[in-house]
Structure formats: structure tokens, C-alpha cells
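A short write-up of the structure that comes next.
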Amino acid sequence: KPKVLISQMIPEEVVRLAEGVCEIDLHPESHPLPKEELIARLKNKEGLVCLLTDLIDDEVLSGAAGLKVVANVAVGYNNIDVAAATRRGIVVTNTPGVLTETTADFAWALLMAVARRITEADRYVRAGKFTSWQFLTLLGEDVYGKTLGVLGFGRIGRAMARRAGGFGMRVLYHNPKRVDPAVERELQATWVEKATLVKESDFLTVHTPLLPDTHHCIGAPELKLMKRSAILINAARGPMVHEAALVQALQEGWIAGAGLDVFEEEPRVHPGLLTLSNVVLAPHIASASRETRTKMAAMAVENCLAVVQGKRPPNPVNPETLTS
Ligand code: GLV
């Protein structure tokens, strides 16, 4: 039986699925292995199922002579040095599709929470401040009929546009490539230049993958162009937003608020964010529904098993490593 390392705890039913086919070495914890231990445990493995907090760099891969596949349990794979894997002929896979709606639901929840001050309202009630009903307390911003700007119009960005339809919103998007006109029509979405998107959005939501090109794609220049009433949402990857610039923008009123599920240096959160009332913060949980996390784990295991059994995996991100 091929040997596979599962780097952190995933749903038990999925582990059992893998056990039928492979000899599993499971690290049954919810935190990454120290690097030396990861390297040591990978020495005799053909497959690795890992999470986004596992840093799979050139050094880790160089110690794993028999490794054939790194199956990330995430759609993003910026935690893996894909070029180094490709050089070694190691297949890298991700989990696209299964988390699209769950992630968009959560990004939408952040949008609603910031606009309508849900977390502030919750803190207000818990603090015993609801002593009399007041006409002018905790006033938020309307969502219905506003302009949603989507930066990155892939699966999740489009799912956001679809939700916006139910809120009577105008949808603008920016993507390096314009999408099929039929998709634009279906979603009532209009392609605009990035500067226009940033300027015209009441809600700007980021859904690009983290790449050298998208690093800090929302920084001081963009934040200064945004409406003072605008709200920024990031449930993609933290480093797309220049966190220090965002703190300044929120403190100085360049924009009105932010909803963040991701941070530049997770699990560290910029201390400035923690003191601001106009931000809603979450610990990278946009895909965290029971159903979706189970589907993601099963998909990664399926990818891993395919490669160790000499089959084509369903979701390669470096298909050039597949010969047939
Ligand atoms: C989660 O962040 C993912 O990329 O799936």
C-alpha cells in the first residue's frame, strides 16, 4: 500500500476513506507539524494531504525523494512552492468548486455585518447598553440598491455577483481577462478598469488568488480612491490588502469600514484593527461549514489517491507534471 501523510486533522470519515487504499500516517492535531518533523515524516511517503497553514517549500520537497503528490485541502495554494514541486515532477492539487458558495455566503455575511453593524450591536446589547430604544443609535448603511465591486471574477467572485442580484445591486467587476459576455449578461455584471472599480464601489470585495501580481493590490493608492462611505471585504488572502494602509484608511476615514476573514501574517492581526469598531474580523473561516470542510477534505484525498494509484487527479494545478 502507498504511504500517505495527512498533515493535520481532517474529518474522520475522510481519513477512513483513505485508509482503505493507503497506509496513513496522520498527525491528529489542528496545527502544522514543525518543519523538521514534517520533513522526517515525508521521507518514506508518496502522498501528502496538507492544509493551508502547512508551508510546503523547496526545502520540505527536497527531503521527500519519493513524494508524488501534494494535495492541498484548499482552493488557494500559495502555501506551496508549486514551481519547486513541478521541477521535481510532484503533482500539486487543490479543491476548487466545492467551497465556492460557502465562501461567498461568508463574504456576504461580512458585508452585511459591517454595513448593518451586527457585531457592534451584539457587543452593545451584551454590555447592557440597550436600556432604551433610540431612533438614531447604531445607524448603518443600506446594502440594497448599492454598487458591488468584485475584484477577481472567478468562481467565488461570480457567486458574489449572483448574490448581489437579490439585493438589487449594480455589479461592477475587474478581472485581468473580461469574462464571456453570456456570463456578464447572466450576472448583470460590467467589466471596468481597476481604478473605476475602486472609485465607484460602495462595497469592494476581493476574490483574486494570491500571486506576485495581486500582492497588495489594495494599498494606500486604492484606499484613497475609494468612497469615504465604502466598505472593503476580504475573504480571499490577507496579503492582497496592505494591512497597515488599511488601518490608516479606517482610522482616518478614507473608507467607512472593512470585513476581514484573512490577514497579512496569520494568525497575527494588525493591532490597529483590534481597536476599530468599524471592522468585523474572522479567523479565516469563510469555507468553514461542516458540509464544505468535509467535501474539501474528501476532494483532496481523492486527488492524492488518484496520483499514488497512477491515475490522473481531478484537480491538478500543475498539469504539466502529468505525462499521460
Ligand atoms: C481557503 O482559504 C482556501 O483557499 O480554500
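The shown structure was predicted, so the numbers you read here are calculated from the model rather than taken from an experiment.
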State, with a plain yes or no, whether a side-chain heavy atom of [X] is found less than 4.5 Å away from one of [Y].
| X | Y | value |
| --- | --- | --- |
| Ile90 | Lys68 | no |
| Leu38 | Pro32 | no |
| Lys45 | Val4 | no |
| Met160 | His207 | yes |
| Glu222 | His242 | no |
| Leu187 | Phe153 | yes |
| Ile231 | Leu204 | no |
| Thr95 | Leu99 | yes |

Within one Ile-Leu-Val-Met-Phe-Trp-Tyr cluster: [X] and [Y], side-chain cutoff 4.5 Å:
| X | Y | result |
| --- | --- | --- |
| Leu225 | Val150 | no |
| Val98 | Val49 | yes |
| Leu305 | Val73 | yes |
| Trp191 | Leu197 | no |
| Leu61 | Tyr77 | yes |

Sidechain-backbone polar pair: [X] side chain, [Y] backbone, donor-acceptor under 3.5 Å:
| X | Y | value |
| --- | --- | --- |
| Arg117 | Ala113 | no |
| Arg155 | Pro96 | no |
| Asn318 | Val92 | yes |
| Asp57 | Val60 | yes |
| Asn234 | Ala236 | yes |

- Worked verdict on Glu200 versus Val192 for side-chain contact (heavy atoms from CB on, under 4.5 Å): CA-CA 10 Å; Glu200 295 199 9; Val192 291; over 6 Å; no
- So Glu266 and Arg237, salt bridge (charged side-chain N to carboxylate O under 4.0 Å, His left out) or not? Walk me through it. CA-CA 10 Å; Glu266 291 172 18; Arg237 283 293 181 271; over 6 Å; no
Taking atom types as modelled and ignoring hydrogens, do the side chains of [X] and [Y] form a donor-acceptor contact shorter than 3.5 angstrom?
| X | Y | answer |
| --- | --- | --- |
| Glu193 | His174 | no |
| Gln8 | Thr53 | yes |
| Asn315 | Asn303 | yes |
| Asp54 | Asn79 | no |

[X] side, atom [atom1]; [Y] side, atom [atom2] - distance, nearest 0.5 Å:
| X | Y | atom1 | atom2 | answer |
| --- | --- | --- | --- | --- |
| Ile255 | Asp202 | CD1 | CG | 12.5 Å |
| Arg88 | Asp81 | CZ | CG | 8.5 Å |
| Asn78 | Leu211 | CG | CG | 8.5 Å |
| Leu111 | Phe203 | CG | CZ | 5.0 Å |
| Ile6 | Cys22 | CD1 | SG | 8.5 Å |
| Ser289 | Phe106 | OG | CZ | 11.5 Å |

May I ask you to check whether over 12 heavy atoms, not counting those of [X], lie within 6.0 Å of atom [atom1]?
| X | atom1 | value |
| --- | --- | --- |
| Lys129 | NZ | no |
| Glu12 | CD | no |
| Tyr124 | OH | yes |
| Arg116 | CZ | no |
| Lys35 | NZ | yes |
| Arg290 | CZ | no |

- Message: Regarding Glu46 and Lys1, does a basic nitrogen lie under 4.0 Å from an acidic carboxylate oxygen?
- Response: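 The answer is no: the pair does not qualify as a salt bridge.
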- Message: With a 4.0 Å cut-off on N to O distance, would you call Lys146 and Asp142 a salt bridge?
- Response: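 Between Asp142 and Lys146 there is no salt bridge, as every charged N stays at least 4.0 Å from the carboxylate O atoms.
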If you take all heavy atoms of [X] and [Y], which pair is closest and at what distance?
| X | Y | answer |
| --- | --- | --- |
| Ala306 | Arg312 | CB-O, 3.9 Å |
| Met296 | Ala74 | CE-CA, 3.9 Å |
| Phe263 | Pro239 | O-CD, 4.1 Å |
| Val179 | Tyr173 | N-OH, 3.0 Å |
| Val269 | Glu243 | C-OE1, 4.2 Å |
| Leu5 | Asp25 | CD1-O, 3.1 Å |

- Task: Tell me, with the steps shown, if Leu51 and Asn72 meet side-chain contact (heavy atoms from CB on, under 4.5 Å).
- Result: CA-CA 6 Å; Leu51 304 192; Asn72 214 32; 5.8 Å; no
- Item | Chi angles and distances behind the side-chain contact (heavy atoms from CB on, under 4.5 Å) call for Asp105, Thr103 | CA-CA 5 Å; Asp105 280 348; Thr103 302; over 6 Å; no
- Query: Of Ile218, Thr214, Val262, Ile156, which is the lone residue that meets side-chain contact (heavy atoms from CB on, under 4.5 Å) with Val206?
  - Reply: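 Of the listed options, the one satisfying the test is Ile218.
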- Query: Does the pair His215 and Glu264 meet the rule for a side-chain hydrogen bond (donor to acceptor under 3.5 Å, both in side chains), with working shown?
  - Reply: CA-CA 10 Å; His215 184 263; Glu264 261 197 89; 4.6 Å; no
- Message: Using the rule given for ring pair (Phe, Tyr, Trp, His ring centres under 6.0 Å), can you reason through Phe167 versus Trp108, listing the C-alpha separation, both sets of side-chain angles and the distance that settles it, and then say yes or no?
- Response: CA-CA 11 Å; Phe167 286 80; Trp108 201 266; 5.1 Å; yes
- CA sep, side-chain torsions, deciding dist, call: Glu291, Lys295, salt bridge (charged side-chain N to carboxylate O under 4.0 Å, His left out): CA-CA 6 Å; Glu291 299 98 315; Lys295 285 184 201 159; over 6 Å; no
- Criterion salt bridge (charged side-chain N to carboxylate O under 4.0 Å, His left out) on Arg178 and Glu184, from CA distance to verdict: CA-CA 9 Å; Arg178 260 189 85 156; Glu184 290 186 351; 2.7 Å; yes
- Any chance you could lay out the side-chain contact (heavy atoms from CB on, under 4.5 Å) test for Leu48 and Ser7, step after step, and finish with the verdict? CA-CA 7 Å; Leu48 168 64; Ser7 68; 4.2 Å; yes
